[in-house]
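Beneath this line is the structure, given in structure tokens, with notes to follow.
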There are 2 protein chains.
Amino acid sequence: MAANSRNDPRLFDSSYSYGQLTSLTGFALRRASLLDFGKFGDSVGDRAITPLRYSLLEVVGANPGLQQVELAKILGLSKPAATLGLDFWEKRNCISRRKDRDDRRSYGIYLTEQGEATLAQLRDNVRQHDERLTTCLSDEELLQLRTLLRRIYSG
Amino acid sequence: MAANSRNDPRLFDSSYSYGQLTSLTGFALRRASLLDFGKFGDSVGDRAITPLRYSLLEVVGANPGLQQVELAKILGLSKPAATLGLDFWEKRNCISRRKDRDDRRSYGIYLTEQGEATLAQLRDNVRQHDERLTTCLSDEELLQLRTLLRRIYSG
DNA sequence: GGTCAATGGTTATTGACAATAACTATATCT
DNA sequence: AGATATAGTTATTGTCAATAACCATTGACC
């Protein structure tokens with residue numbers, strides 16, 4: 001089921017005044033982000049796969065053998081959040097935790113074959129989703145937007 | 001207390017690979033938005049005032065006599081979310097609900113004097129907060145960014 | 001070598017938040 | 001009048017993530 005109109009902040013109603021909100025970058029970021037988030041589950045065909053969970057899998061895939069603590073740091077998560085997120089993918093046989101021989105407190109995280117396949121599929125769906133979100137922008141504008149956003153969040 | 005490093009997604013660690021994430025607009029939006037959100041409470045000097053609650057007050061101030069249902073639609077909220085949000089401000093004597101004479105099911109929402117003062121103060125703090133978030137951008141870039149974001153979220 | 005602090009990870013507890021559903025009251029349509 | 005729709009609130013539920021407490025292992029230091 002598609003997000004209903006109540007949850008769809010795309011419906012910007014210009015017959016009302018938004019006060020100072022329309023001149024705040026933070027407000028614009030939130031609206032755009034919520035819009036993205038709201039459609040994400042449908043786009044990837046599985047409501048359970050949130051942007052966060054997807055990003056987990058992506059980072060694990062890009063950094064085989066990563067520690068959980070590192071993963072958490074990369075994505076700005078708490079330790080428990082990383083644990084839970086990985087539990088989710090482990091239940092789906094997409095990642096495995098291998099005890100590190102040298103430091104037996106920690107695990108190395110790896111994609112399973114199933115995980116590789118799932119990630120490949122997800123990547124495509126997510127890329128398409130992302131393109132749909134930004135169809136209203138030209139390639140140049142898109143590049144510009146990402147560059148500016150990156151400047152903000154990598155401070 | 002400032003947000004701790006675990007919650008601060010500004011710490012973008014380029015010694016790891018982010019896979020496809022860095023080329024997704026949605027990812028960039030989320031990171032920037034979370035960064036904004038994380039500092040908001042501190043910026044306005046009151047942890048209880050979230051961006052959502054602030055936006056409520058802003059919209060009420062800009063549209064005196066608004067119905068709750070309209071308010072909800074403007075901000076993409078559910079009816080209960082609007083009710084709760086207004087309860088918050090009503091407890092603080094910042095808004096009042098006046099029964100509409102013509103349609104006694106609905107209320108008109110108005111700022112109280114207290115609400116006007118609070119909003120005025122908030123506006124300043126929020127504007128400063130927003131400027132801090134984007135100090136890394138020139139005025140021109142900022143304008144560009146807002147324009148592009150607006151195109152996205154107003155479909 | 002033995003204690004003690006620090007680190008990786010999990011579990012337990014809690015709180016915030018928002019969504020749906022159900023309910024009350026009022027309005028509208030026929 | 002009776003059926004239906006609408007404004008608003010309350011109740012219930014589920015998700016999410018954060019903190020704190022906990023276990024196991026490591027490493028530093030005396």
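Numbers restart at 1 for each chain; the letters A, B, ... are given by sequence-line order, proteins then strands.
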So what is the end-to-end bend of the helix from C:dG1-D:dC30 to C:dT30-D:dA1, with 5 pairs used at each end and the value given to 10 degrees? 10°
Would a 4.5 Å heavy-atom cut-off, applied to side chains only, mark B:Gln121 and B:Asn125 as touching? yes
Rounding to a whole Å, what distance do you find between B:Ile49:CD1 and C:dC17:P? 12 Å
Quick one: side chain to side chain donor-acceptor pair (under 3.5 Å) partners of B:Ser15, sequence neighbours excluded? B:Asp13
So, is B:Ser78 near the phosphate of C:dA19, with a side-chain N or O under 4.0 Å from OP1 or OP2? yes
Could I get the full list of side chain to side chain donor-acceptor pair (under 3.5 Å) partners for A:Arg105, not counting sequence neighbours? A:Asp103
What is the distance from CZ of A:Arg47 to P of D:dC16, rounded to the nearest Å? 12 Å
Looking only at atom types and distance, does a side-chain atom of B:Tyr18 sit under 3.5 Å from a main-chain N or O of A:Ile74, one as donor and one as acceptor? yes
Could you check whether B:Lys39 pairs with B:Asp42 (Lys NZ or Arg NE/NH1/NH2 to Asp/Glu carboxylate O, under 4.0 Å)? no
Here's a test of your reading of the structure: between A:Asp100 and A:Thr50, which maps to the more 5' nucleotide of DNA chain D? A:Thr50
Side chain to side chain donor-acceptor pair (under 3.5 Å) partners of B:Ser106, counting only residues at least two apart: none
Can you check the A:Leu71 CG to D:dA17 P distance for me, whole Å? 13 Å
Measure CZ/A:Phe37 against P/C:dA19 and give the value in whole Å, please. 12 Å
Quick one, give me the B/S/- string for nucleotides 4-11 of chain C, reading 5' to 3', where B means a protein heavy atom under 4.0 Å from the base and S means that only happens at the primed atoms, P, OP1 or OP2. --BBBBBB
With the threshold set at 4.0 Å, does a side-chain nitrogen-carboxylate oxygen contact exist between A:Asp46 and A:Arg53? no
Residues passing the side chain to side chain donor-acceptor pair (under 3.5 Å) test with B:Glu141, sequence neighbours excluded, are A:Arg151, B:Ser138
